[in-house]
Amino acid sequence: MSTTKIASSVHKIDSPIRDVYKLLSDFSRIGRLFQMAKQMGMGGMANNDQLAKISEQIEDIQFGEDACYIKVKRMGEVAVRIVEREEPKLIKLGGEGALPFDFNIWIQLLENAPYDTRMKITFQGELNMMMKMLLKGKLEKGIDQFAEALTKIPYGILGNLG
């Protein structure tokens, strides 16, 4: 096993850092956002075909304050858990459950101006050589897509999610 580290480019979010941190540091708020998007038919999502393929593999999803539990077909239950918070600049996530490797994801936030939050996402996982060859390109693309998706959330409007 070797450590694989992948970082997104720095992305700009047109919201105050406190709004971004408030949403991203609480999976129960993300769950309410997820339900709202689901009810609206995921309209405006960049790649609905890819989202539909992913949704087909998910049997159940539950959100708590510190973790998101996902039951995946033919794989079992996996969880993404918040393992560290440093308000308002860092959220560290970790995976557990039926996962083929250990990983952490850091969401780093920096206030550049009142409505200009900069964000960088870093993935670090313990991958064997075969998994690294198979997954590195997909992980690089996925981390950048994840970062880009987070820039599109209307954080200010969602501030009242509870």
Which atom of Met131 lies closest to which atom of Asn128, heavy atoms considered: N-OD1, 2.7 Å
Whether Phe123 and Phe103 hold their rings parallel, tilted or perpendicular, with breakpoints at 30° and 60°: parallel
Residue pairs fulfilling salt bridge (charged side-chain N to carboxylate O under 4.0 Å, His left out) with at least one residue in residues 115-131, sequence neighbours excluded: Asp116-Arg118
Heavy-atom pair with the smallest gap, counting every atom of Ile82 and Asp26: CD1-N, 4.1 Å
Under 3.5 Å: donor-acceptor pair, side chain of Lys71, backbone of Ile61: no
Validation row: Lys22, Arg29 side chains within 4.5 angstrom (heavy atoms): yes
Hydrophobic cluster identity match, Leu135 and Met1, side-chain contacts under 4.5 Å: no
Inter-residue atom distance Asp14.CG - Ile153.CD1, 0.5 Å rounding: 13.0 Å
Minimum heavy-atom distance between Met75 and Ala98, given as atom pair plus value: CE-O, 2.8 Å
Minimum-distance pair of heavy atoms, taken over all atoms of Ile6 and Lys136: CD1-O, 4.0 Å
Same apolar cluster: Leu93 and Ile58, side chain cutoff 4.5 Å: yes
Straight-line distance of Leu110 CG to Ile17 CD1, nearest 0.5 Å: 6.5 Å
Gap separating the SG atom of Cys68 from the CD1 atom of Ile70, nearest 0.5 angstrom: 4.0 Å
Minimal non-hydrogen separation, Tyr21 against Leu90, with atom names: CE1-O, 3.6 Å
Residues that Met133 engages under side-chain contact (heavy atoms from CB on, under 4.5 Å), provided they are two or more places apart: Met130
Point-to-point distance, once rounded to the nearest 0.5 Å, from CD1 of Ile91 to CD1 of Ile107: 5.0 Å
Tyr69 side-chain N/O to Val80 backbone N/O, donor-acceptor pair under 3.5 Å: no
Which atom of Gly64 lies closest to which atom of Phe27, heavy atoms considered: O-CB, 2.8 Å
Under-4.0 Å salt bridge between Asp66 and Arg85: yes
From Phe63 atom CZ to Arg32 atom CZ, the distance as rounded to the nearest 0.5 Å: 11.0 Å
Sequence-distant partners of Lys92, side-chain contact (heavy atoms from CB on, under 4.5 Å), two or more places apart: Val83, Glu84, Asn104, Trp106
Phe146 with Phe34, same ILVMFWY side-chain cluster at under 4.5 Å: yes
Inter-residue atom distance Asp144.CG - Lys141.NZ, 0.5 Å rounding: 10.5 Å
Donor-acceptor contact below 3.5 Å, side chain Thr117 vs main chain Ser15: yes
Side-chain touch Lys89/Gln108, heavy atoms, less than 4.5 angstrom: no
